[in-house]
2 protein chains.
Amino acid sequence: MSLLDTKNLMQGISLDCVIFGFHNNDLRVLLLELKNIKLCALPGGFIANDEDVDLAASRVLQNRTGMTDIFLQQFYLFGKVSRNVPGHADRLVREKLIGKDLYSFFNRRYVTIGYYALVEYTKVNPLPDEISVKCDWYNINDLPGLILDHREIILQAHETLKSHLNFKPIGIKLLPAKFTLRDIQSLYETILSKKLDRRNFRRKILGFNILNALQERRTGLAQRPAQLYKFNLSQYNRALHEGLNQGW
Amino acid sequence: MSLLDTKNLMQGISLDCVIFGFHNNDLRVLLLELKNIKLCALPGGFIANDEDVDLAASRVLQNRTGMTDIFLQQFYLFGKVSRNVPGHADRLVREKLIGKDLYSFFNRRYVTIGYYALVEYTKVNPLPDEISVKCDWYNINDLPGLILDHREIILQAHETLKSHLNFKPIGIKLLPAKFTLRDIQSLYETILSKKLDRRNFRRKILGFNILNALQERRTGLAQRPAQLYKFNLSQYNRALHEGLNQGW
DNA sequence: TCAAAAGTGTTGAGGTTACACCCATGC
DNA sequence: GCATGGGTGTAACCTCAACACTTTTGA
């Protein structure tokens with residue numbers, strides 16, 4: 001637990017990252033399987049006194065995925081008193097997840113800042129932290145038991161992601177560099193948990209002007225080869241900034 | 001400063017409320033004019049250890065406006081280190097805004113949770129708190145000097161409010177009980193800082209089905225009397241919950 | 001030649017934009 | 001009667017949903 005020099009950390013505030021990946025048409029989240037406890041937890045951490053909160057989130061993310069330059073966004077502060085379970089810190093000490101010296105740091109009321117991140121599944125090499133035995137992906141529709149209110153945090157992150165689909169381009173961090181329209185449609189369908197009309201989807205997504213067709217096709221399948229695309233980075237960023245559907 | 005029993009407060013976390021009101025076609029925010037310092041500040045406060053964060057925000061709001069049942073929404077956690085100005089706590093003590101006993105509570109790094117609220121201007125009786133001489137409304141386009149990053153917080157609240165206009169019904173807390181379509185259009189125009197076509201606006205807002213026409217008109221003006229409306233509470237709440245423009 | 005998915009186009013409904021005209025009132 | 005803003009209608013346009021057919025490949 002050398003990383004936890006608690007004197008330099010803000011007290012009573014934590015952050016938790018809901019890290020989304022996309023693989024085999026599954027929307028997955030990266031979770032830690034805790035030592036000695038049959039429960040999972042979101043990758044999270046604390047904020048150093050001299051550290052921007054966004055930077056702390058980015059550090060946590062980097063430690064668990066090995067990746068930098070990740071789409072990362074604060075989405076909610078969970079501030080209910082009831083999210084703190086009496087005896088939680090005791091349990092952490094009893095199960096030897098943390099040392100007794102950290103008991104007083106953990107045994108207090110916490111609010112936590114929820115971040116969600118979008119990462120390219122294949123590029124991630126999940127790394128467990130000091131209090132977990134495994135770091136792995138779980139299907140969002142088949143989540144394991146989770147500590148505290150982490151399940152609620154994940155569900156709320158998912159809702160936020162869904163609503164962001166309407167205003168922001170999404171996918172540059174969730175898809176490989178080259179992809180077909182079917183790939184990106186599957187991503188949207190997975191996030192939204194519903195089927196979209198293939199022809200209308202193509203028209204709409206191409207209309208956003210954030211894709212560039214490549215001089216390449218995906219061959220090897222017993223079907224007509226599909227056009228490959230990549231994101232147009234500058235257009236994508238412009239769309240991120242300006243939004244896609246302005247009302248009023 | 002009897003209210004600040006700092007032992008019971010979370011440390012390093014504050015909250016600030018951007019309270020919007022609408023009057024004379026102005027979008028205004030409620031600000032405190034600080035004692036001895038020629039700067040204003042957002043109404044804000046701290047969170048008791050046994051208090052939900054939302055409840056703390058609601059308490060602050062009630063103390064400044066005398067109102068309960070206010071639309072109040074968390075919109076961002078401001079977590080940059082740079083928002084803490086060195087010497088700020090010293091200044092508060094020097095200018096006698098706080099006692100020396102509170103110095104150590106204030107002299108630390110803070111993150112603050114931004115809330116925005118919508119209130120009916122005429123119903124508010126602004127009350128200064130212990131560290132201010134006045135609590136008053138300021139036009140959002142003509143803000144006075146503000147401490148710390150409070151100006152940025154206000155601007156971001158305004159951006160959030162603008163974007164919420166596209167998905168959520170707004171107005172029930174900003175307008176009097178009876179209002180004309182012109183009134184609500186002015187509200188929208190003011191929030192968005194742009195003119196809307198009167199005829200199209202009427203069609204659109206009526207199409208939301210959140211208004212009920214009254215058997216009353218606004219008379220006394222040298223023009224055709226305008227139909228008065230009130231919000232249909234149940235429809236309004238349904239729209240709040242379901243959103244107005246669902247994409248995808 | 002067959003299965004499978006890619007690629008393309010059209011039509012109708014509904015919503016949005018940009019307009020012009022008449023109406024009711026106080027002065 | 002006249003200035004002022006309220007109330008209504010409509011045509012052009014755009015977007016979106018629903019849908020059918022042809023194309024290209026590997027097996």
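Order of the sequence lines sets the chain letters (A, B, ...), proteins ahead of strands, with each chain counted from 1. All figures in this text were calculated on a predicted structure; none of them were measured in a lab.
Distance alone, capped at 3.5 Å, places no donor-acceptor pair between the Tyr115(B) side chain and the Val18(B) backbone.
Counting non-hydrogen atoms of other residues, nucleotides and ligands closer than 6.0 Å to NZ of Lys230(A) gives a total of 12 or fewer.
Residues Val124(B) and Trp137(B) form a side-chain contact, since some pair of their non-hydrogen atoms from C-beta on lies under 4.5 Å apart.
Interface remark: the Arg198(A) side chain does form a donor-acceptor pair with the dG7(C) base, using a distance-only criterion of under 3.5 Å. Not a single donor-acceptor contact under 3.5 angstrom links the side-chain atoms of Arg224(A) to the base of dA3(C). No hydrogens or angles were tested; on distance alone, nothing pairs the side chain of Arg199(A) with the base of dA6(C) as donor and acceptor under 3.5 Å.
Mapping Gln223(B) and Leu228(B) onto DNA chain D by nearest heavy atom places Gln223(B) at the nucleotide closer to the 5' end. The residue among Ala222(A) and Asn200(A) whose nearest nucleotide of DNA chain C lies closer to the 5′ end is Ala222(A). Closest-nucleotide positions on DNA chain D for Gln227(B) and Pro225(A) were compared, and the one nearer the 5' end corresponds to Gln227(B).
In summary, Arg83(B) and Asp149(B) engage in a salt bridge, as defined by a charged side-chain N under 4.0 Å from a carboxylate O. Under the 4.0 Å criterion applied to side-chain N and carboxylate O atoms, Glu216(B) and Lys178(B) are assigned as salt-bridge partners.
Counting any heavy atom pair closer than 4.0 Å across all strands shown, Leu181(A) reaches no nucleic acid atom.
Comparing dA17(D), dA5(C), dA18(C) by their closest approach to the side chain of Arg203(A) singles out dA17(D). Listed candidates were dG7(C), dG5(D), dT24(D). Nearest to the side chain of Arg202(A) is dG7(C).
Atom CG in Leu221(A) sits roughly 9 Å away from atom P in dA27(D) (whole-Å rounding). dA5(C) atom C1' lies 17 Å from atom CG of Leu196(A), rounded to whole Å. dA6(C) atom C1' lies 10 Å from atom OH of Tyr229(A), rounded to whole Å. Regarding Asp197(B), its CG atom lies at a distance of 13 Å from the C1' atom of dT8(D), rounded to whole Å. Atom NZ of Lys204(B) is separated from atom P of dG14(C) by 18 Å (rounded to the nearest Å). Rounded to whole Å, atom P of dT15(D) lies 15 Å from atom CG of Leu206(A). If you take CD of Gln185(B) and P of dG7(D), they are 11 Å apart, rounded to a whole angstrom. dG26(C) atom C1' lies 16 Å from atom CZ of Arg217(B), rounded to whole Å.
Put simply, Arg182(A) has no side-chain N or O that comes within less than 4.0 Å of OP1 or OP2 on dA5(C).
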